[in-house]
Amino acid sequence: METLAVIDFETTGMSPEHGARATEIAAVLVRDGAIVGRYQSLMNTGAYIPPFIEELTGISNAMVRQAPPAEEVMREAAEFVGGHPLVAHNASFDRKFWDDELARVGLERRQDFACSMLLARRIYPDAPNHKLGTLVEYARVPVAGRFHRALADAEMTANLLLRMEEELMGRFRLEAVSHELLRAIQAVSRRELEACVERYLRKEAV
DNA sequence: TGCCAGGCCCTCTTTAGGGCCTT
């Protein structure tokens, strides 16, 4: 059975290209419909956390000053994730920081990301919006802790992913949902969801 | 907010604009 790694970063800003750095990372492993592993750590990059971000995440400059060095944390996180396919909510954001923080320790990403936000737009088109907090309530996912902390957000994203996989399995009578199928679904428009799954199933059958 | 992005999607579209989502 395939194992997926769901990751979430807290950061000092929106883009590493403009100097933002990670302040916390979490990764949870998902297999057989359940969370089977967890990793979480604050990380010290030396970067300043603006007051707005401190307020948003509850992660202060004092907290990260006492945290392990970013190099140590990223090596641990990369080892924990291994080669498992990745998932994140609005993955384009976490992918940038994953790639940037790995590169700083001489490592490279080995796998693709699937995005739970793009999937939710297709699977739950009638949700009020597709923010993680809204989807957690909409899909009746248990609240795992404070929003905007990495482990809570990663766990809720993982459980949201499992709900969406159940929805796909029920709707299309699938026995399992692979990372490859998730990537195929997120690459088509909402209207093409059904045709996409059918194409995928035909390819699998050949 | 120590001021910044960018990929994606929808539609009153495609020779474009604007909103969403992440911190």
Side-chain angles (χ1 to χ4, degrees), chain A residues 5-28 40-65 67 70 73-74 77 86-104 109 112-139 141 143-161 163-164 182-196:
Chain A
V6 181
I7 71 165
D8 187 78
F9 277 105
E10 304 307 316
T11 72
T12 64
M14 298 306 297
S15 173
E17 291 175 1
H18 291 264
R21 296 292 305 273
T23 57
E24 185 181 39
I25 183 172
V28 302
Q40 175 275 335
S41 183
L42 292 168
M43 52 200 277
N44 184 5
T45 65
Y48 173 79
I49 305 173
F52 170 78
I53 303 288
E54 281 196 347
E55 179 74 19
L56 179 73
T57 64
I59 299 170
S60 67
N61 285 287
M63 287 164 69
V64 294
R65 270 199 298 273
V73 173
M74 287 308 299
L86 289 160
V87 179
H89 198 72
N90 197 14
S92 65
F93 175 87
D94 292 280
R95 186 180 58 227
K96 285 187 297 188
F97 284 93
W98 182 249
D99 289 351
D100 183 71
E101 295 293 350
L102 282 184
R104 291 172 182 274
R109 174 161 53 91
D112 289 323
F113 272 87
C115 175
S116 56
M117 184 193 73
L118 296 181
L119 291 165
R121 283 178 175 171
R122 288 151 179 76
I123 295 166
Y124 299 130
D126 296 329
N129 60 58
H130 297 89
K131 295 176 183 176
L132 180 60
T134 303
L135 290 166
V136 161
E137 186 173 356
Y138 184 81
V141 170
V143 174
R146 176 183 171 143
F147 284 98
H148 295 297
R149 284 302 300 262
L151 184 59
D153 281 3
E155 284 198 32
M156 289 187 282
T157 299
N159 282 313
L160 172 65
L161 180 74
R163 283 288 157 83
M164 291 194 290
L182 296 176
R183 295 260 305 167
I185 289 171
Q186 74 179 37
V188 300
S189 75
R190 189 170 70 202
R191 294 188 196 88
E192 296 173 291
L193 171 60
E194 206 160 299
C196 172

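Residue numbers begin at 1 in each chain, while the letters A, B, ... track the order of the sequences. Just so you know, these numbers use all the heavy atoms, side chains as well, and skip hydrogens, waters and symmetry mates.
Using bins of under 30°, 30° to 60° and over 60° for the plane-to-plane angle, the ring pair A/W98/A/F9 lands in the tilted bin.
Put simply, A/F52 rests on the base of B/dT1: the two rings are less than 5.5 Å apart at their centres and nearly parallel, under 30°.
Rounded to whole Å, the P atom of B/dC21 lies 23 Å from the corresponding atom of B/dC3. A gap of 25 Å separates the P atoms of B/dG7 and B/dT13, to the nearest Å. Taking the P atom of each, B/dG17 and B/dT1 are spaced 30 Å apart, rounded to whole Å. When the P atom is compared between B/dC8 and B/dC12, the two are found 23 Å apart, to the nearest whole Å. Taking atom P in both B/dG2 and B/dT22, one finds a spacing of 22 Å when rounded to whole Å.
The side chain of A/E10 has B/dT23 as its nearest neighbour among B/dT22, B/dC20, B/dT23. Considering only side-chain atoms of A/H148, the nucleotide from B/dG2, B/dG6, B/dT23 that sits closest is B/dT23. Counting only heavy atoms from C-beta on, A/H18 has its side chain closest to B/dC4 among B/dC4, B/dC21, B/dT23. Residue A/T11 has its side chain nearest to B/dT23 when only B/dT23, B/dT22, B/dC21 are considered.
B/dG7 atom P lies 21 Å from atom CH2 of A/W98, rounded to whole Å. For the pair A/D153 CG and B/dT22 C1', the interatomic distance rounds to 10 Å; values are reported in whole Å. The nearest whole Å value for the distance from the CG atom in A/N129 to the C1' atom in B/dT22 is 13 Å. For A/K96 and B/dG7, the NZ to C1' distance is 8 Å, given to the nearest whole Å. Between the CD atom of A/E17 and the C1' atom of B/dC3 there is a distance of 18 Å, rounded to whole Å. If you take NZ of A/K131 and P of B/dC21, they are 6 Å apart, rounded to a whole angstrom. For the pair A/L119 CG and B/dC8 P, the computed distance is 13 Å after rounding to whole Å. Distance, A/F113 CZ to B/dG7 P: 15 Å, rounded to whole Å.
For A/H89 and B/dT22, the shortest distance from a side-chain N or O to OP1 or OP2 is below 4.0 Å.
Shortest non-hydrogen contact noted between A/F113 and A/Q186 is O-NE2, 3.8 Å. Across all non-hydrogen atoms, the minimal contact from A/T45 to A/A22 is CG2-O, 3.3 Å.
Contacts of A/M14 with the nucleic acid, taken as non-hydrogen atoms under 4.0 Å apart, include base atoms. Among the protein residues, A/D8 comes within range of the sugar-phosphate backbone only, with heavy atoms under 4.0 Å from sugar or phosphate atoms but none that close to a base. At a threshold of 4.0 angstrom between heavy atoms, the contacts of A/L118 are confined to the sugar-phosphate backbone, with no base atom among them. Counting non-hydrogen atoms under 4.0 angstrom, A/R190 reaches the backbone sugars and phosphates but no base. No engagement by A/R21 is indicated, since no non-hydrogen atom pair under 4.0 Å with the nucleic acid exists. Residue A/F9 is in sugar-phosphate contact alone, with no base atom involved, counting any heavy-atom pair closer than 4.0 Å across all strands shown.
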Determine, stepwise, if the pair A/S116 / A/H89 fulfils side chain to side chain donor-acceptor pair (under 3.5 Å).
-> CA-CA 5 Å; A/S116 56; A/H89 198 72; 2.7 Å; yes
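Side chain of A/D100 to backbone of A/K96: no donor-acceptor contact under 3.5 angstrom is found.
A salt bridge is absent between A/R95 and A/D99; no separation between the charged side-chain nitrogens and carboxylate oxygens falls under 4.0 Å. A salt bridge links A/R21 to A/E101: at least one charged side-chain nitrogen sits closer than 4.0 Å to a carboxylate oxygen. Ion pair A/E24/A/R149 flagged as a salt bridge, since at least one NZ, NE, NH1 or NH2 atom sits closer than 4.0 Å to an Asp/Glu carboxylate oxygen.
Counting non-hydrogen atoms of neighbouring residues, nucleotides and ligands closer than 6.0 angstrom, the NZ atom of A/K131 reaches no more than 12 such neighbours.
Within residues 54-62 of chain A, the residues that place at least one heavy atom under 4.0 Å from DNA chain B are, in residue-number order, A/L56, A/T57.
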